Number of protein chains: 2
Amino acid sequence: METKGGFYITQIKQLQGRIFERLLIENGIEISGGQGRILFILWKRDCLTVSEISRETSLAKNTVSIIVDGMVKKNILTREINPVNRRQTIISLTEYAKSLREKYEMVSQQMNALFYEGFTPDEQQEFEGYLARILKTLTEIENKEKKCKKTQ
Amino acid sequence: METKGGFYITQIKQLQGRIFERLLIENGIEISGGQGRILFILWKRDCLTVSEISRETSLAKNTVSIIVDGMVKKNILTREINPVNRRQTIISLTEYAKSLREKYEMVSQQMNALFYEGFTPDEQQEFEGYLARILKTLTEIENKEKKCKKTQ
DNA sequence: TTAAAATAGTTCTATATAGAACAATTTAAA
DNA sequence: TTTAAATTGTTCTATATAGAACTATTTTAA
């Protein structure tokens, strides 16, 4: 069977990212895609380590580190060493970041409406169920690979 | 309703990309994700313009231009001006690129198997149907935006 | 209790990605 | 036919992204 799920996913990610960023700018929010993903996680639960953010966003650890850099410079996040475990860096939201949340979520909803145009709620739910399954599979594969690497 | 299709898509794209690249390297194929997407299109139909590749991959035109640059340097593609319409650049596969196809597609199949682990053929088909619908919607949105911009 | 292993982050390097501005060419309109 | 508009690519700049190698800590084991 000729399938192209991966190709579709990449294309959708591309388009979606560009459209969402324009929508954000139109609404006066200067937050890029990568930054938005980190905020999305931190708005749910503040004060996470770099590794936790990496896990939740599926971004590589060093990528998170770099994006956080930029966000600290823009006064969106703060960085501090965890005194209890000094290997860890705790990333927290600034007041400014907290103030962005409501507006950002409104734009997210707009984006969502575009994304799921023509979908019934049931279809949406089913589709997201599939996505969640794939995400789980791929996450497990990557974790397994990491373990193998260590054993070598 | 709280949905997060876009977030899932981005995460899956990330993971999938990393896993696929490792798989390619393990199989001795030195082709990156972005390069693979352009090859995927050109293997189906050779000798396309930059704009056509941009349309088929959903990559921005300038992104295609840059990635093609790298691939020309690596003797994967050739670039030549279309004598009939000298604004256009025709991108073609080299013999080397053609020789990579079979192996690349084998790895793609492996990746596919991982991606769809636990999916029945019907589920796969349904899922890809959803993806195709979303891709269509987003493509239309972006094209509309481009038109609006011109009118301004 | 000290040496080895594991964990957490960062830096370095390279590619991917896109917006804005631009140059070259072709097409449409006056 | 000559000028304005549209099309096609590229360059410039900035951010996103990840692998590899590294430093600093903490944990484990001998």
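Remember, it's a predicted structure, so these values are computed and weren't measured experimentally. Chain naming here is simple, since letters A, B, ... match the order of the sequence lines and numbering starts at 1 in each.
Here A:F119 pairs with A:Y116, B:Y130 under the ring-ring contact (aromatic ring centres under 6.0 Å, His included) rule; sequence neighbours left out. Annotation: ring-ring contact (aromatic ring centres under 6.0 Å, His included) contacts of B:F20 (sequence neighbours excluded): B:Y104. Under the rule for a salt bridge (charged side-chain N to carboxylate O under 4.0 Å, His left out), A:E30 has no partner lying at least two apart in sequence or in another chain. For A:N27, the side chain to side chain donor-acceptor pair (under 3.5 Å) criterion is met by no residue, not counting sequence neighbours.
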For nucleotides 11-17 of chain C, 5' to 3', base contacts (B), sugar-phosphate-only contacts (S) and non-contacts (-) with protein non-hydrogen atoms under 4.0 Å give B----SB

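Atom CG in A:L24 sits roughly 16 Å away from atom P in C:dA18 (whole-Å rounding). A straight line from CG of B:N143 to P of D:dT7 spans 12 Å, rounded to a whole angstrom. Atom CZ of B:F20 and atom P of D:dA18 are 16 Å apart (whole Å). Protein atom CD of B:E142 is 10 Å distant from nucleotide atom C1' of C:dA18, rounded to whole Å. Across the protein-nucleic acid pair, A:K61 atom NZ and D:dT23 atom P stand 15 Å apart, rounded to whole Å. Nucleotide D:dT8 holds its P atom 14 Å from the CG atom of B:L48, rounded to whole Å. The distance between atom CE of A:M71 and atom P of C:dT10, rounded to the nearest whole Å, is 14 Å. When rounded to the nearest whole Å, the span between CG of B:L23 and C1' of D:dA18 equals 17 Å.
Taken residue by residue, residues 81-98 of chain A places heavy atoms nearer than 4.0 Å to DNA chain D at A:N85, A:R86, A:R87.
Contact between the side-chain N/O atoms of A:S51 and the OP1/OP2 oxygens of C:dT7 is not found at any separation under 4.0 Å. The side chain of B:T49 contributes no N or O atom lying less than 4.0 Å from OP1 or OP2 of D:dT8.
Here ring pair (Phe, Tyr, Trp, His ring centres under 6.0 Å) pairs that include residues 78-103 of chain A, with residues two or more places apart or in two chains, number zero. Under the salt bridge (Lys or Arg N to Asp or Glu O under 4.0 Å) criterion, the residue pairs touching residues 97-109 of chain A are A:E95-A:K98, A:R101-A:E105, with sequence neighbours excluded.
In this structure, the side chain of B:E123 engages the main chain of B:T120 through a donor-acceptor pair within 3.5 Å. In this structure a side-chain-to-backbone donor-acceptor pair under 3.5 Å is present from A:S54 to A:L59.
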Just list the side-chain donor-acceptor pairs under 3.5 Å for residues 75-84 of chain B, sequence neighbours left out, or say none.
{"from": "B:R79", "atom 1": "NH1", "to": "B:D69", "atom 2": "OD1", "distance (Å)": "2.7"}
{"from": "B:R79", "atom 1": "NH2", "to": "B:S65", "atom 2": "O", "distance (Å)": "3.2"}
{"from": "B:R79", "atom 1": "NH2", "to": "B:D69", "atom 2": "OD1", "distance (Å)": "3.2"}
{"from": "B:N82", "atom 1": "OD1", "to": "B:V84", "atom 2": "N", "distance (Å)": "3.1"}
{"from": "B:N82", "atom 1": "ND2", "to": "B:Q88", "atom 2": "OE1", "distance (Å)": "3.0"}

